[in-house]
**Q** 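Below are the structure tokens for one structure; questions will follow.
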Amino acid sequence: MLSNKPRCASLPNYLLMQSIIPTLTELVENALQACAQKHAWQLEQPINIAISPAKNPQWGEFSSAIALQLAKLTAKKPIDIANELMAHLPASEMVQTVNVSVPGFLNFSISQNWLSAQIPQILSTGASYWNSNDGQGKKAMVEFVSANPTGPLSVGRGRGGVVGDTFANILQAVGYDVTREYYFNNAGNQMRLLGESLQIRYLQVLGEAVELGENHYQGEYLFELGKRLVAEKGESLRTAEVETFSKYAELAMFDSIKATLERMNIYMDVYFNENSLFEDGSVWDVVNRLTAGGFTYEKDGAIWFVTTRFGVEKDRVLVRSQGVPTYRLPDIAYHENKLRRGFELIVDVLGADHKDEFPDVKMGVEALGYNADGIHLLMNQFVSVKGQRMSTRAGRFTTLDELMDEVGADVVRFFMLQRDSSSHLEFDLDLALEQSEKNPVFYVQYAHARISSILRKAQEEGYSFENADLALLAEPAEKALLLKLLELSEVVRMCAKEFAPHHLTYYARDLASAFHAFYRDCRVLDSQNLPLSTARLQLTAVAQIGLARALHLCGVSAPETM
RNA sequence: GCCUCCGUAGCUCAGUCGGAUAGAGCAGCAGCCUUCUAAGCUGACGGUCGUGCGUUCGAGCCGCACCGGGGGUACCA
């Protein structure tokens, strides 16, 4: 572990707000139990009760298809079941009305009073209103980026960086104690090639007729570094060892990577050096224990891991015949190290090109006697910009820095989060460059700036924020905005549960849209109607907190003016 | 060959456990600024959800086969 950067404190989460879907689920659950008992329904398995937002306002705000699911089990008509369930629903302050529609949906309308009552709660709790405690304070690690210091970060790595950092934010919001970790290797073949590449570039700058080999790093950045080296050291390194160049390049590349990450608002807690696993003997310790457990054998001078025992078609090499381990072995040792440090949830954010190493790691720690269920893969597919694929080795890439120079960190982060990470991402440079409503980042940020502007103006003109009569908030747009705001906690939980941070950007856009509709229909500041102004000011303030929370979880700024 | 991810509107993509009429942004079309930021809003247009079988009361979602694309299939990482 190289360094331990301080990062901003995670938000406390102590207040578990009563959120809508879990509450409705509980109501239906109670009704179901009552009906099942009364009519002796055979519910051998626990029924999964789904509550989803209604697709049409005529059905209220939330619906459940539970009666349709139960039709077969009970041999009754869905519509009858729904009516029966409705009759047994416990009363709740949250629910205004319940009705049944064909073919048997149970529809809920949320009470306006209950909704309004959430406003003071959010105002007093702040951004942590939407937190939950699903993680129960357990230790979680998100390992991401993990690029070896052989070159500037590519756009592809940037996706892993954004997805990993955002997912870490999400885990904190659902109550985990999160560590962000970067795993790297500064020994071995890659670093030797890097050193050779720099050496050749350095000599080229000095006018020598030397050329890069096919395996060397072709990127222009090493030529630039060579020039820098000449400027600093002159010709003194003409006969220097490769190691001198390797070390110099490594430090320079790491500085550049860290600067890039910082620019993207990413701060690692731990930089973990793969080499430490060799130095403390844990790599060889892993081999010995696997061997003692009967999980290895020797063939052709190499040590093989019996992965076929876990149902894989081929065994894998752990230690090459020359005695050098493959990447697989330190990876297993590394994950054992993570488990030994007490992490109960371990998330590896990997690119699609590294996906296949993941199962080997899980099999490895299982063979060592651990339960690997807490280790998860968050794979992200490749990124392309204008059809060009990234390849560091070939030196034909757009670096993250170049991309941020073009469009800014906020746009990069938001765009990287707009796709399911298992889908390919085509970075639309033209759209990203658009400083207008076409660009979804500006759309969301604009809503926040608009809100800020109203609140500023209210303050300047002396409008009261206190003692609001929130029952005055009766417009459909007001209700819709509140409902959308209250959805955030569910969105965050879903992101965590599904390892899918992209839902956040969709939510942010929906919330911005709900605010814009409110802005259109409901004038906030009206000197002729001060009570209504105060009520709407409170709602506006809550919208600001929610929008900022969604943006900040994405690692995107929430500007006060634009 | 095998494994895996993807295939949804002209383009880029969402689609919560299998539920009501499949959604959004962009592009293109038609409108809305003496009032809190028009970086906004409204309307219309746009679909054999890759193809074919199957399971189901009900399939974009589940199963099988096929087609097309990405990634992997190393004693590289």
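So you know, we letter chains A, B, ... as the sequences are listed, proteins then strands, and number each from 1.
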**Q** We want to know whether Gln445(A) and Asp410(A) form a side-chain donor-acceptor pair, criterion being a heavy-atom distance below 3.5 angstrom.
**A** yes

**Q** Distance check: side-chain N/O of Lys314(A) vs OP1/OP2 of A74(B), anything under 4.0 Å?
**A** yes

**Q** Starting the side chain at C-beta, find the nucleotide from C75(B), C26(B), C41(B) nearest to Leu431(A).
**A** C26(B)

**Q** Scan Ser423(A) against the nucleic acid and name what it touches under 4.0 Å (heavy atoms): base, sugar-phosphate only, or nothing.
**A** sugar-phosphate

**Q** Could you tell me the separation between the CZ atom of Phe414(A) and the C1' atom of A39(B), rounded to a whole number of Å?
**A** 14 Å

**Q** Just to confirm, is there a sub-4.0 Å distance from OP1 or OP2 of C36(B) to any side-chain nitrogen or oxygen of Arg450(A)?
**A** no

**Q** Tell me, please, whether Phe305(A) has Arg328(A) positioned over its six-membered ring: NZ or CZ under 6.0 Å from the ring centre and within 45 degrees of its axis?
**A** no

**Q** So, is His516(A) near the phosphate of A39(B), with a side-chain N or O under 4.0 Å from OP1 or OP2?
**A** no

**Q** List every contact pair, protein side and nucleotides 54-56 of chain B side both N or O, where the distance is under 3.5 Å.
**A**
residue: U56(B); atom: O3'; partner: Lys72(A); partner atom: NZ; Å: 3.2

**Q** From the options A20(B), G70(B), U37(B), select the nucleotide whose nearest atom is closest to the side chain of Ser63(A).
**A** A20(B)

**Q** Is NZ or CZ of Arg450(A) both nearer than 6.0 Å to the six-membered ring centre of Phe515(A) and within 45° of the ring axis?
**A** no

**Q** Using the side-chain heavy atoms of Trp59(A), tell me which of these nucleotides is nearest: C75(B), A20(B), C41(B).
**A** A20(B)

**Q** Just to confirm, is there a sub-4.0 Å distance from OP1 or OP2 of C41(B) to any side-chain nitrogen or oxygen of Tyr443(A)?
**A** yes

**Q** In this structure, how many angstroms lie between the C1' atom of C75(B) and the CZ atom of Arg328(A), rounded?
**A** 9 Å

**Q** When you check the phosphate oxygens OP1 and OP2 of A38(B), does a side-chain N or O of Tyr519(A) lie under 4.0 Å from one of them?
**A** yes

